[in-house]
Every structure is written in structure tokens, then in C-alpha cells.
Amino acid sequence: MTNLHEEPLTSAHLEEADTPEYVAQKHGFLPIETNWFDRLFISVVIWVALSLFWFRFLEPVGMSIWISNVIAFALTVFIVTKG
Amino acid sequence: MQSNRLGWILLAPTLTILFFFGVLPFIYVVYVSFHSWNPFAANPEMIFNGADNFRRIVFDEEFLNSVGVTVMFVFFAVLSELILGYILAQAFMKDFPGKSFFRTIHTLPLIMAPIIVGSVWKLMTTPSIGIIPHYLDEWFGISMNIGTSAFAAFTTIVIMDIWHWTPLVTLTLIAALVSLPPDPFEQAQIDGANKRQIFWHITLPMIAPAVVATVFIRLMDALRTVDEVWMLTGGGPGSSTRFVGVHIFKEVFPKTNYGYGSTISVIVLYLTIVACWLLYVTMLAPRNSKEG
């Protein structure tokens, strides 16, 4: 006689193989659900915007673009890890 | 695992084409954007100049003006197309005599090449020979000249774009409306909801993905409009219809300034991606819950 309770367990590993890989969604301080690529994308968008802003308003008064890059890099690390 | 492999095999032709015609040119344009390159100048070499092109672009009044004009054009054109497209889609959901004929006629502008649309509208709006200035003058006493009036030129381009692309919006919204299940609408009617409530609380949320997809397509298209405008006004009078696409064209072809033209292209691509992403986030992205 077949043990009905064992059947799902015996086929469980096969079902697991068919299940698509789950991309982890993170709940951070950003108002939307994001994965690591979303957060990297947001960081790059901010990096470019900050650089253009810096070129227009802050570099003419003597502040190097490298300051902007350091701030943007720190923001990237913060957004990717905590966002 | 096998189905995964089959998926990659089926995707391979598309990905290959995308790589060679999308990704590689993009990487090349980004590379060129960090160079000063005018192949027809005394020194035709490509010279690396760091971020100088990007430093220049933020002070380029012509470029900033073209961005402003483009944003205004996109706002008026896409919004009008969306509203008009929805009204037409709702009209096509009902039965009326000559519906099929009208639907065919209404989609005809879609099959016309933009350069032809520009030519036709140029013929129609040229003072002294065009039908539009003629009847505007005869019926309303309005003198229309897109060669001298910035307002007339800009308005004509917006109307031309609406005429050309509203059928696309109509078709996608018809597809979305047809696929809606009837149950929520029947239940809302039984509960006593009026037409406005049904539109805001049932129809719009259910067709939101189709609306956003349509706006994406139109937004991206409108941001890179060149040929129709080039044919109709050439960016004038003055710089009133000098959209970013036209600005890039003038920078790259008549001036052969490939490096700076690439920089403008990269920035326009950046603005397009940001606009689409913001639209996606505000309309469709899943929200973060406090509990999570």
C-alpha cells in the first residue's frame, strides 16, 4: 500500500527545481520595493544628476568635481545597502 | 533547467541583434561623448577631453532652451493624445454605423512615415498655398504663418503629432478596454456608482498598465522627434521649435561636432530613462510596507 503522506515529500525536490529563482525584494528606507539592481540604478541616476548640478553651480566657485564623486559614492553605498 | 536553456536559445537571436544594434552603439556613443571629435576639422583625431563636454552642456543656453521646448511639446502632445485616444477608444467600444470604415480611416496616419507627414503638413500650412492658412484667414480672419510666428509653429507641430500618433493610443486602449472583465462594472452599477466613479475607481486602475506602456512609448518617441519637425519648420522660427533631436542633428551634421553631439545624446537618453522610471514608480511600482 502506498503511503500517501510521503508522496509530496518524495517529489518536493523536483518541484523546487521547476520553481523560478526568486529575486529578493528589500524593504528599506526607499518608498518602493527594490532589488539590488534597482538601488544601483537609482544611485547612478543620482550620481549623474549630482555631477551635472556640480558642473553648473559649484565647480565655477572652486569646488572640485571629486567632492561630488565622493558624496555620490557614499550615497551609492548607503542606498544599495540600506535602500 | 532544460526549459531555461530553451528560453535562452529562443531569446538568442533577439539578444544578439539588441547587442549589436543597441548595446554596442550605446557604449560607443558614451565613449565618444568623452572626446572632442570633428572628423572634418584641421585635426580629425578623436581627442580625450574628460568631462569637458558635460561641463559645456550645462552652460549651453541653446541646449537648455531645446530641453524646455521639448518638455513642453511632450507634455501637450502626449497628454492630448492620451485624452483624445481614450475618448476615441470608448467611442469604438460602442456600435455605430460605419464604425469599421471610420476605424480604418482613423488608423491611416499611423502607416505614414514621419518625413511624409512633415511634408504634407508643410504643404498644408505654407502661407499663400496651404489650405489651413487660407481657411483660417477666410473664415476667422486669422493670419497664420509658421515661418514667422513661434506660437503658430509650435502649435502646428503639437497638432501634427496628435494627428499622427493618437491612433496608436486609441488602438492600445481599445485592446486594454476589450480585455476588461464585465463583472466589476456590473457590480459597480448595481451598487449605484455613476460613470465618473466607475472611470476613476474601476476602469482607470484596471487599464493603468496599458496606459503607462502607451505613455512610455509616446514619451520616448516624442522626446526624439526630429524628422517631422525638421521637415515642417527646421527648428524655427528662431529656436521656438528646436527640439533636442533637432539640436543634436544640427550639432552633428552641419557642424560635424560628433563628440559634443554624442554628449547631448547621452544626456537626452538619461533624461528619457529618468522620465520613464519616474512614471513607472509613480504609477505601477509596488510600495514598501512599513511592516516589511
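Below, all heavy atoms of this structure are taken into account, side chains as well, without hydrogens, waters or symmetry copies. Everything quoted here is computed from the prediction, not taken from an experiment. Letters go in sequence order (proteins before strands), and every chain restarts at 1.
- Crowding of B:Phe26 atom CZ: a count of heavy atoms from other residues, nucleotides or ligands under 6.0 Å not exceeding 12.
- Contacts of B:Phe216 classified as side-chain contact (heavy atoms from CB on, under 4.5 Å), with partners at least two apart in sequence or in another chain: B:Val212, B:Met220, B:Cys276, B:Leu279, B:Tyr280.
- Contact detail for A:Leu52 and B:Val58: the closest heavy-atom pair is O-CG1, 3.7 Å.
- With a 6.0 Å radius and a threshold of 12 heavy atoms from other residues, nucleotides or ligands, B:Phe75 has its CZ atom at or below the threshold.
- Within the 4.5 Å cutoff, the side chain of B:Ile57 has no heavy atoms near those of the A:Phe55 side chain.
- Neither the backbone nor the side chain of A:Phe57 comes within contact range of chain B; no heavy atoms are under 4.5 Å apart.
- Only the side chain of B:Tyr270 comes within contact range of chain A, judged by heavy atoms closer than 4.5 Å.
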